[in-house]
Each structure stands twice: as C-alpha cells, then as structure tokens.
Number of protein chains: 2
Amino acid sequence: MDSATAREQALDAAEKLFYGRGVQSVGMDDLRGASGVSLKRLYQLFPAKEQLVEAYLERRDVRWRGLLAEAVARREDPRERILAVFDWLAEWFGEPDFRGCAWINAYGELGATSERVARQVRAHKRAFREYLGGLVADAGLPDALTGPLFLLAEGAMVTAGISGGAAPAAEAREAARLLLGRGRSSGRAGAG
Amino acid sequence: MDSATAREQALDAAEKLFYGRGVQSVGMDDLRGASGVSLKRLYQLFPAKEQLVEAYLERRDVRWRGLLAEAVARREDPRERILAVFDWLAEWFGEPDFRGCAWINAYGELGATSERVARQVRAHKRAFREYLGGLVADAGLPDALTGPLFLLAEGAMVTAGISGGAAPAAEAREAARLLLGRGRSSGRAGAG
DNA sequence: TAACGTAGAGAACGCACGTTCTCCCGTCAA
DNA sequence: TTGACGGGAGAACGTGCGTTCTCTACGTTA
C-alpha cells in the first residue's frame with residue numbers, strides 16, 4: 001500500500017470515528033483497527049494525534065463546502081441559491097449518521113486545549129460565512145443580510161445536532177425567506 | 001464545613017474549571033485543589049465525575065435562565081422583551097471569561113458518550129426555547145416566530161463562542177427586529 | 001545464500017486520571 | 001483518659017491511551 005492510499009484510509013477511519021464518537025474517545029488503536037494502517041505508518045503520516053485531527057477537519061472542510069457549492073449551483077435564481085443552502089442543510093441533517101456540525105463539536109471538545117483545532121474551526125466558519133456573503137452579493141442584496149443568514153444556519157446546525165431531526169433547517173429556511181423578502185428593494189448591488 | 005457548603009464550593013469550582021477548560025481536561029484533583037473540598041468528600045457528594053458534571057449543568061441552567069428572565073423583566077413592552085434577550089446575550093458575550101455556551105460545548109465534548117449529559121443539554125435548550133415561545137405568545141405574535149428567534153440566538157451563541165466578540169448578538173438582534181415586523185420596536189431601549 | 005531495508009503486529013513504556021484506601025488528627029461521649 | 005468516629009491529605013490502584021520499541025517476516029540485491 002502506498003503512502004497516499006494509507007493516508008486516505010487513515011483519514012477515512014478518522015472521519016468516521018472522530019465524527020461519530022468524538023475525538024477523545026477514539027484511540028490511535030481504534031484508528032489502526034478501522035483503517036488497516038499500522039501504528040507505525042500512522043505516526044509516519046501524522047506525527048501526533050492532534051495533527052490527524054487537524055487533517056481530518058481540513059479534508060472534511062473541503063468536501064463539505066464542495067458539496068454545498070454543488071447543491072447551490074443547481075439553482076439559477078440568485079435568491080433561490082441562498083435558500084438552497086438551507087435545503088442542503090435539511091438533506092444533511094436527515095442523513096442517518098448525522099451527529100451535528102463536526103467543527104462545532106470539535107470546538108466544544110478541543111477548542112480550549114488545542115490551538116490548532118481552534119484555528120481549523122474558525123477557518124471553516126469564516127469560509128462558510130464568506131461563501132454566504134458571496135451568494136448575498138450575487139443576489140444584489142445588502143451585505144448586512146449575510147450575518148443573520150449565517151446565524152440562522154449555525155443555529156440550525158447546532159439545534160439539529162442536539163435535538164436530532166431536520167426540522168431546524170426548515171425553520172431557518174423560512175426565516176431566511178422572510179429576511180430576503182425585506183431586503184429586496186436595494187438597488188445598490190454588491191455594496192461591499 | 002457542612003455538606004451544603006461543601007457542595008456549593010465543589011460546584012463553584014466545577015463551573016469555573018469545566019466551563020473554562022472543558023470537562024475532560026479537568027481532573028478530580030484539580031477540583032479538589034480549586035474547591036478546597038477533599039476527594040473523599042467530593043465522592044460522598046457526587047458518586048462519580050459524570051454526576052458532578054450533570055449537577056454543574058443543572059445549577060448553571062437555573063442561574064442562566066434566572067438572569068435572563070431578570071433582564072427581560074426590566075422591559076415593559078412585549079416586543080422589547082423579546083429583543084432584550086439579545087441585548088442580554090450581548091452582555092454575556094462581552095464578559096471576559098466568556099467561552100461560548102456551556103451546553104453546546106458540553107454536548108460537543110460528551111454528547112456522544114454520556115447520555116446523562118446529553119439529556120441535560122436537551123433539557124436546557126428545550127427550556128430556553130419554551131421561554132422564548134412564552135415571550136412570543138405574550139407579544140401576541142405567531143408561534144411560528146419562536147423557532148427562528150431561537151435559531152438566531154443559538155447561532156449567535158455558537159458564533160460568539162468560536163470567534164469571540166459580542167458582534168453576533170447585535171446581528172441576531174437586528175434580524176430578530178426585522179422578523180418581529182415594524183412595530184413600536186425601533187432602536188435600542190435603555191443602556192446601549 | 002547472505003546481508004539489508006522495510007513494514008506489520010503488537011508488546012512495552014510513561015503518564016494521566018478516576019476511584020479507593022491508608023494513615024493520622026481533632027472531637028466528643030462516657 | 002479512652003475509644004470511636006468523621007474528615008483531611010495524599011498515596012495507591014487500575015485502566016486507558018499516546019507514543020515508541022522489539023521482533024519477525026519478506027522482498028531485493030549481489
């Protein structure tokens with residue numbers, strides 16, 4: 001098995017176990033068992049567990065935002081594209097192994113003790129917010145709408161994670177629709 | 001030192017340390033040192049660490065909702081009372097040792113492994129949501145507003161926790177004001 | 001064949017920590 | 001005074017786990 005494959009398998013196992021059970025309750029030995037990659041190899045690829053966590057969050061960030069962008073790209077109308085974010089959240093929340101936002105969870109678990117993890121989380125949330133900001137600008141809506149939309153999405157993620165079920169996504173979508181309606185009249189596109 | 005005092009001191013230390021550093025990175029020995037309550041006594045009061053965590057969340061829940069209700073009670077107008085929730089969040093976020101929502105953090109850290117903790121978190125969030133629902137009803141507003149307001153508040157908490165700063169509370173307040181519609185509630189009442 | 005490098009399996013190590021136990025002291029009843 | 005008892009300090013115990021080390025097998029090259 002070459003290095004790239006071993007790395008992917010290690011990250012596959014890390015993602016499955018870290019996301020499902022939390023980081024601290026998963027041992028390096030669990031990762032060896034789930035990935036088929038020996039401990040020796042794991043430590044060659046990632047000098048310490050913390051860096052495996054970092055890599056897990058980073059790879060997931062790329063995929064998560066990629067999937068979101070794909071879903072959004074299927075809509076034409078700029079306003080619809082914003083609402084598509086919440087539709088996509090609803091799909092995500094409905095997945096059988098959904099267990100909340102990986103970054104919010106990781107921050108709650110490790111934010112206070114690992115600066116590297118905290119940085120990953122902040123970077124991910126910043127990227128998501130900027131992506132939303134781009135959708136808002138593309139729709140010619142005031143930039144001030146970005147914050148509220150972002151907060152609705154974050155609230156939906158955290159609530160769906162804690163309470164289970166996809167209902168928060170629908171509530172957030174409806175609220176977003178109302179907010180967009182009010183922001184309609186602005187003629188100053190791309191105000192930022 | 002009688003039992004009640006020991007219990008309060010133990011919970012004071014637990015709250016300070018668990019909230020500030022996360023649960024798993026605080027040892028029972030740290031709690032002994034910070035509280036002045038011996039290990040023997042700690043284990044008489046709480047048969048296991050998990051139950052100390054539970055008691056910490058429960059006591060904090062009572063105080064947190066009490067402080068919120070106090071702040072809200074200072075306003076007369078029913079719409080203003082809803083907005084007061086977000087003003088109070090802004091105050092909270094601005095406290096120097098603010099480190100996010102204790103329940104969201106605890107859920108991220110222990111939700112997957114401790115059913116007792118998960119229950120505490122769900123109970124707290126349910127109570128907060130029901131409280132908001134009461135404010136919405138008192139204002140004669142449709143119940144469908146409760147969900148969005150709750151999601152805005154949750155999003156503000158999680159974002160303030162991750163990114164630091166009180167700005168999310170103001171954004172959430174503004175979004176809430178738009179959702180409530182153009183009533184008498186225009187600007188900020190009271191201290192700004 | 002012999003020497004060598006690589007990789008996997010898993011034992012070993014060191015430490016942290018939840019929980020329990022031991023020892024000792026101060027208090028109070030008789 | 002004596003003995004029982006409750007409580008504090010902290011050692012001890014058992015376990016889990018991050019990380020490293022050892023042993024063995026195997027393929028490659030001369």
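Within every chain, numbering begins at 1; the chains are lettered A, B, ... in the order of the sequence lines, protein sequences first and strands thereafter.
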Visitor: Can you sort out the partners of A:Arg116 under side-chain hydrogen bond (donor to acceptor under 3.5 Å, both in side chains), two or more places apart, ordered by chain and number?
Guide: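 Applying side-chain hydrogen bond (donor to acceptor under 3.5 Å, both in side chains) to A:Arg116 gives A:Glu54.
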Visitor: For A:Tyr107, what residues pass the ring pair (Phe, Tyr, Trp, His ring centres under 6.0 Å) criterion, not counting sequence neighbours?
Guide: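 A:Tyr107 satisfies ring pair (Phe, Tyr, Trp, His ring centres under 6.0 Å) with no residue once adjacent residues are dropped.
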Visitor: At less than 4.0 Å, is any side-chain N or O atom of B:Lys49 found next to OP1 or OP2 of C:dG18? Yes or no.
Guide: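 Yes, within the criterion.
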Visitor: I need the single residue from A:Lys16, A:Lys49, A:Arg21 that forms a salt bridge (charged side-chain N to carboxylate O under 4.0 Å, His left out) with A:Asp30. Which is it?
Guide: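 For A:Asp30, the salt bridge (charged side-chain N to carboxylate O under 4.0 Å, His left out) test succeeds with only one of A:Lys16, A:Lys49, A:Arg21, which is A:Arg21.
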Visitor: How do B:Ala48 and A:Gly36 order along DNA chain C: which one's closest nucleotide is nearer the 5' end?
Guide: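 By nearest-heavy-atom nucleotide position, the 5'-most residue is A:Gly36.
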Visitor: Does any part of the side chain of B:Ile104, heavy atoms only, come nearer than 4.5 Å to the side chain of B:Lys125, both counted from C-beta?
Guide: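 Yes, their side chains come closer than 4.5 Å.
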Visitor: With a 4.0 angstrom cut-off to heavy atoms of chain A, pull out the first and last contacting nucleotide of DNA chain D, in 5'-to-3' order.
Guide: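 First-to-last contact on DNA chain D, by the 4.0 Å heavy-atom rule, is D:dG18 to D:dT20.
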Visitor: Let me know, please, whether B:Pro47 or B:Lys40 comes out on the 5' side of the other along DNA chain C by nearest nucleotide.
Guide: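 Taking each residue's closest nucleotide, the earlier one in sequence belongs to B:Pro47.
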Visitor: Below 4.0 angstrom, which residues in residues 23-33 of chain A have at least one non-hydrogen atom near DNA chain D?
Guide: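 Contacts with DNA chain D under 4.0 Å: A:Val26, A:Gly27, A:Met28.
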Visitor: Can you classify the ring geometry of B:Trp103 versus B:His124 as parallel (below 30°), tilted (30 to 60°) or perpendicular (above 60°)?
Guide: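 Parallel.
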Visitor: Name all residues meeting the side-chain hydrogen bond (donor to acceptor under 3.5 Å, both in side chains) criterion together with A:Glu115; count only those two or more places apart in sequence or in a different chain, and write none if there are none.
Guide: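 side-chain hydrogen bond (donor to acceptor under 3.5 Å, both in side chains) list for A:Glu115, sorted by chain: A:Arg122.
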Visitor: Taking for each residue the nucleotide of DNA chain D bearing the nearest heavy atom, is the 5' side occupied by B:Val37 or by A:Tyr43?
Guide: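 Nearest-nucleotide comparison on DNA chain D picks B:Val37.
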Visitor: Quick check: does any side chain N or O of B:Arg129 sit under 3.5 Å from a backbone N or O of B:Thr146, one acting as donor and the other as acceptor?
Guide: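 Checking the backbone N and O of B:Thr146 against the side chain of B:Arg129, no donor-acceptor pair under 3.5 Å is found.
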Visitor: How long is the line joining CG of B:Leu39 and P of C:dC23, in whole Å?
Guide: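 Rounded to whole Å, this separation is 18 Å.
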Visitor: Out of curiosity, B:Leu31 CG to B:Leu39 CG, how far, rounded to the nearest 0.5 Å?
Guide: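 With rounding to 0.5 Å, CG (B:Leu31) is 9.0 Å from CG (B:Leu39).
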Visitor: Could you state the atom-to-atom distance from CD of B:Glu50 to C1' of C:dC17 in whole Å?
Guide: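 Going from CD in B:Glu50 over to C1' in C:dC17 covers 16 Å.
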Visitor: To the nearest 0.5 Å, tell me how far A:Glu109 CD sits from B:Leu110 CG.
Guide: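 Going from the CD atom of A:Glu109 to the CG atom of B:Leu110 covers 8.0 Å.
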Visitor: Could you list by number each residue of residues 108-121 of chain B showing a heavy-atom separation from DNA chain C of less than 4.0 Å, or answer none if no residue does?
Guide: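 Output list: empty, so none.
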Visitor: Determine, for A:Phe128 and A:Arg65, whether the Lys NZ or Arg CZ falls below 6.0 Å from the six-membered ring centre while staying within 45 degrees of the axis.
Guide: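 Not flagged: A:Arg65 not positioned over aromatic ring of A:Phe128.
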Visitor: Side chains of B:Ser114 and B:Glu50 only: does a donor on one sit below 3.5 Å from an acceptor on the other?
Guide: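 Present: a donor and an acceptor within the cut-off.
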